Amino acid sequence: MRYHRPESFEDAVAIAAGSGGTTRFLAGGTDVLVQLRAGLVTPDDLIDLKHIPGVAEIVRTADGGWRIGIAVTGAQMGRHADLVRDWPGVVEGMQLVGSTQVQGRATPVGNLCNGSPAADSVPGLVAAGARVDILGPGGPRSLAVEEVPTGPGRTTLRPGEIITAITLPPRGAQAGDAYLRFTPRTEMDIAVVGVAVNLRLDGERIAAARIALGAVAPTVLLADAAAAAIIGTPLDDAALTALATAATAAANPISDKRGTADFRKEITGVLVRRAARIAYDRVQARTGIQQGEDK
Amino acid sequence: MAKDEIQRTYRLIGTRPDRPDGLDKVTGRARYGADVSAPGMLHGAVLRSPHAHARILRIDASKALALPGVKAVVTRADFPTGLTGEDWNLQENTIAGEVALYDGHAVAAVAATSRLIAQDALRLIAVDYEILPHVTDVDAAMRPDAPAIRPGAADHSVPEGLHPNVVKYIDFGHGDLEAGFAAADLVREQSYTTEATHQGYIEPHACLGQLGADGKGEMWVCTQGHWYIRRMAAAVLGIEAAQLRVTPSEIGGGFGGKTTIFIEPLALALSRKAGGRPVKMVMSRAEVFRATGPTASAAMKVRIGMKKDGTLTAGQAEFRMQGGAFPGAPVSSALYCAFASYAIPAVAHVGYDVLTNRPKCAAYRAPGSPMAAFAVESLIDEMCRELGLDPLEVRLKNAVREGTKSSYGPTYGPIGLVQSLQAAQAHPNLSVPLGPNQGRGVAAGFWFNHGGETSVSLAIGEDGTVTVSVGTPDIGGSRASIALMTAETLGIAYENVRVNVVETGALGVNEPTHGSRATFASGKAAVIAARHAIAEMCRRAAAAWGIDPEAVDWQDGAAVPAGPNAGKFPPMPIAEIAARMGSTGGPISGHHEVTAGGVGASFGVHVVDVEVDPETGRTTVLRYLVVQDAGRAIHPAYVEGQYQGGAAQGIGWALNEEYIHDAEGRLLNPVFLDYRVPVASDLPMIDTVIVEVPNPGHPYGVRGVGETGITPPLPALANAIAAATGARLRSLPMSPPKVLAAIRAQRGG
Amino acid sequence: MWSGLRRVTDGQTVVSVQAETLQQMLEALVAAHPGLAPYIRAGVSVSVNGVIVTDLLSPVDPGDEIYLMQYLKGG
Amino acid sequence: MTRIHVTATVNGDPVEFLADPRETLLDCLRDHLGLTGSKEGCGTGDCGACSVQMDGVLVCSCLVLGVEAEGRSIDTIEGMATGGDLHPLQRKFIEHAALQCGFCTPGILVAARALLDQNPDPTEQEVRYWLAGNLCRCTGYDKIIRAVMDAAAELRGAA
């Protein structure tokens, strides 16, 4: 296995193109190294992207959104007060990936490219409408995050293509997001179910919503019907029930060593209600509007 | 030693000094199994069967041997034939013969100049397998259509007509069962199952082995018992035990799983074949889960008769347990423990040890007892609930005491179950109010403890400080407790005693640190060895004073005249005697070798409060109380540590830990990610109460405390979840999906 | 005597033999009921008046309650 | 398999070693630099026994390649005491009997120091969640948490 430390994305692409064997890109490495040790993959060329200028930066974009470098770790995101204020759901999803030690290395880009439907950072990014900038032999292009994974361990990235950054749209007013996952233990488990909810309110009513479900389909699932169920409502009990029904219907889980299909369907409904509540309350807290009755 | 001689207060015993090995462990200097290297060292790696059951047709290692850096490859052909009984089982488990018996069974091993080359070489060994039908579930393994794993392995105890996978059978009991059940107001029978779990020690097995053509060998290994390693490895390799010297490293946890051999004979065989170069072998975590010794899984049927007032009238238990592809499931110890806490006029026990295509089980902390407790303590709780009785009161009413005939036969000496139940009742946790979806569960637990073959030697240094050599590796602080007992007996400072765990060449035979015996047996032998040294020191003083040795006593670390008429001599402290010992006859030491008797059982009672999320089935442990009889706590902090550690393992076993196999019999979760041991954020602080009912069989009243702590958590949590949700779970682990399904079924949802 | 041994002791769970030490007692038991031999060979724990005795040469007194159990070690 | 020359700083000392690209930082610390205080319990980032700080960030050294350490500053358990003086955490672990077998202790001590570096007054839950990636099978965590909070109090007192 040859180890490379390119100083630019162009060099990285060139090395990958010229490899002739299997290649792996290295950001945090918390998935790649585990697969390396288990003998699941031994790349001929391992291309470490962490020495490319700017990859470790979190930058406010001109339109008020965010540009997150591919070597930005969960720990960094958690310490970035402005990013947390705008996108608490995106950050809390990333921070659930592994232990404190893993947080010191793991990156959302790596989490996305690993292609696991249970990746904790991906539902939040999908619900937020995040996009990724890509560079490859065919030049630069951009995709919505939900367009990247195609199934367990597989993505739409073409051979030699690299994700160069993740961009989050401007947060805008009266908006809030949240991520919840179910695991048997309080930490260190892979999500049995993950749910991200991103809301925009108009007063008490939900003006816009995006809901993404993790670990209940071959990829993270954008549940449009579930979102539609709560648009125009003040997220009252009827709306929450409709939300849960729609989300459970959208879920298409398998049974595996971490949970049965029935259990995942049922938990999807439970978590989507709770996550929606949290997102809704976060908007209220941000905009200072106190709800009359206890929700 | 008569009971009344056990003093109430001591100078050192019961205090909490720093443990002697603390500095090395907090600075990273302590050397564990994988921390040692040697000149010319090779690295070993093992090729393991990917199949649960397969005949090995052919092994071709030619490509591997051709890889630069590879120095040796061994297969079963490199091992002697003709072994029988457990020696044959050990050899067969160390490396497969004609048939690979479980996913992970060692088939070949390689030694190379680097770990990476050894790993690469494994991929170049070609093995032709003929896949055979397999079975992993205990009840499936007993059905007529089940594949026979080793026809003819059944021993003399197995009656006719049972499947060849049933290799051991036991039944025992006493009293009139029919009359007992007839006298009961309520008779209930239920079935319970527990899945196999792993000890989960964080240190993977590791050793550095060297064996020359002259048959002389050296081994550095993390183990609970280096004499067992010596005996077993010598038998498997066909060399003489005395020629193999085994040095124990610091051990990174064992809990019974490091009392036997796995990779050790492979390292020695590779070394011999590589011209005597030392070979280091370190298991990966996946190898630890697939190919070491998890405990058995159990299918249990229990029937109990109880009167309206809670009096138990009859108990019947049938345990079916699989301990992997070899005899050895802890069936008899489970059955002995089943009703051991209660005085029941009529009991009957039946047990089956069954073979499956799983790794050879090893001991895991009170082997068998947690499973038995899960079944019996759950059923008693169900019946208390049905009769509206207080579970602690019912246990108190039936609790065994001194003089009670035990369910497994012998009559109890002094024991502390009643005192433990009373201490639990009096604990503040019992009066904490419970909120919605919360419940409290109680359970009792028991373990016999063990004496075992023990050798200790003690030497007085020229400066009067004392060296104690023991053969029981120190996992939970036993060097500190043995130093405390030795210093107390000699009347000297704790800091003046150094306890060393020495290798097999330096001491007589010792059994491993198992059966909660280290502080009990090594401690008892150290005290007797100290007394021998004291007798010799008194003789030296008597000779110096020209009086009869009988007229000399030992007090506060010095020889003193026994009484006024013995003569007016100032005390002769140990330092003074030691300084002159060279010219008064020679070095002074004491030693004691014994198969330790006088073992005192340890009873415990746990109380746990949980909250169950009714929408997800997840159980959160709110409060956990351990009450257990230690006889006498030598170093209370490390007794508490055993209570807390046992409870934590029990909580993991009850809620989330299990071996999960796929349809092909392969282990699906051989990593800590999916083999879910409790993490720091899963647990509350664990409250402890040390009950002290002295064990007359030990000079300071010690009872082993290492194992009882793991037995009550399984039923206590089941009882707490039932109290919180009304749903009774009878199979472990009580993971969220199973708890949620039970809540739904119970509410007709 | 655990009840499972009934099969080899003509149905008795209590057997009386003449012996001064535990070792002699075990030998006498096997002499009286040869079917016991494999069990004894497999290793037994002998409890005398509730305490496991490991030295089979120790004497046996008429009043002793002696109980044979399968050999136990622990984890 | 050509090995790569790596220069780094470990516990304040400059070091050099040759690393195969497949070797982890943990392998290099233990096999090339003789620093065996960091332990391998799992090799997959699930147990924390290999915890070190790299440029001040708490990481699992089994999830970092040796070659990635080029130019970095690594702090391991062996650097926690200054000369003969133990760090308060090391002292409190002995005092509270917050270790039994001791195999997880180096990783937990390094992780706990990283916690106290950024949170001098953690609550019990904050300590428990920070240490969730450091598995211990012997103690049930109780005395470990108490020792960390006691050390934090001492450090605050001294501060």
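For clarity, every value in this text was computed on a predicted model and none was experimentally measured.
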Discussion item. Could you measure the distance from the OG1 atom of A:T42 to the CG atom of B:D120? Nearest 0.5 Å is fine.
Written reply: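 It comes to 8.0 Å.
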ask   = Would you call B:E615-A:R274 a salt bridge at under 4.0 Å N-O?
value = yes
Which answer fits [X], side chain, backbone, both or neither, if we ask what part of it has an atom under 4.5 Å from a heavy atom of chain A?
X      : value
B:V739 : neither
B:I660 : side chain
B:L668 : both
B:S735 : neither

*Hey, does the side chain of B:D682 reach the backbone of A:R185 with a donor-acceptor pair shorter than 3.5 angstrom?*
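Flag not set: sc B:D682 to bb A:R185 has no pair under 3.5 Å.
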Heavy-atom pair of closest approach, residues [X] and [Y]:
X      : Y      : result
A:I267 : B:T616 : CD1-CA, 3.6 Å
A:F182 : B:P736 : CZ-CB, 3.4 Å
A:P184 : B:R618 : O-NH1, 3.5 Å

Within a strict 4.5 Å, meaning less than it, do heavy atoms of the A:R37 and B:Q119 side chains meet?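 Not in contact.
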### Message
Does B:K63, at its NZ atom, have more than 12 non-hydrogen atoms belonging to other residues, nucleotides or ligands within less than 6.0 Å?
### Response
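Incorrect, the count does not exceed 12.
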Considering residues, nucleotides and ligands other than A:R24, do more than 12 of their heavy atoms fall under 6.0 Å from its CZ?
no
request  = Start with the C-alpha distance between B:V679 and A:T186, add both sets of side-chain angles, then the distance that settles side-chain contact (heavy atoms from CB on, under 4.5 Å), and finish with yes or no.
outcome  = CA-CA 8 Å; B:V679 299; A:T186 54; 3.9 Å; yes
Check each atom of A:I190 against the heavy atoms of chain B and say whether the ones under 4.5 Å are side chain, backbone, both or neither.
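Both the backbone and the side chain of A:I190 come within 4.5 Å of chain B.
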Fill in: Proximal component of A:R264, with respect to chain B [non-hydrogen, under 4.5 Å]
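For A:R264, there is no contact with chain B at all, as no heavy atom is under 4.5 Å.
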ask   = Where do B:L673 and A:M188 land on the side-chain contact (heavy atoms from CB on, under 4.5 Å) test, with the steps shown first?
value = CA-CA 7 Å; B:L673 178 67; A:M188 297 303 289; 5.9 Å; no
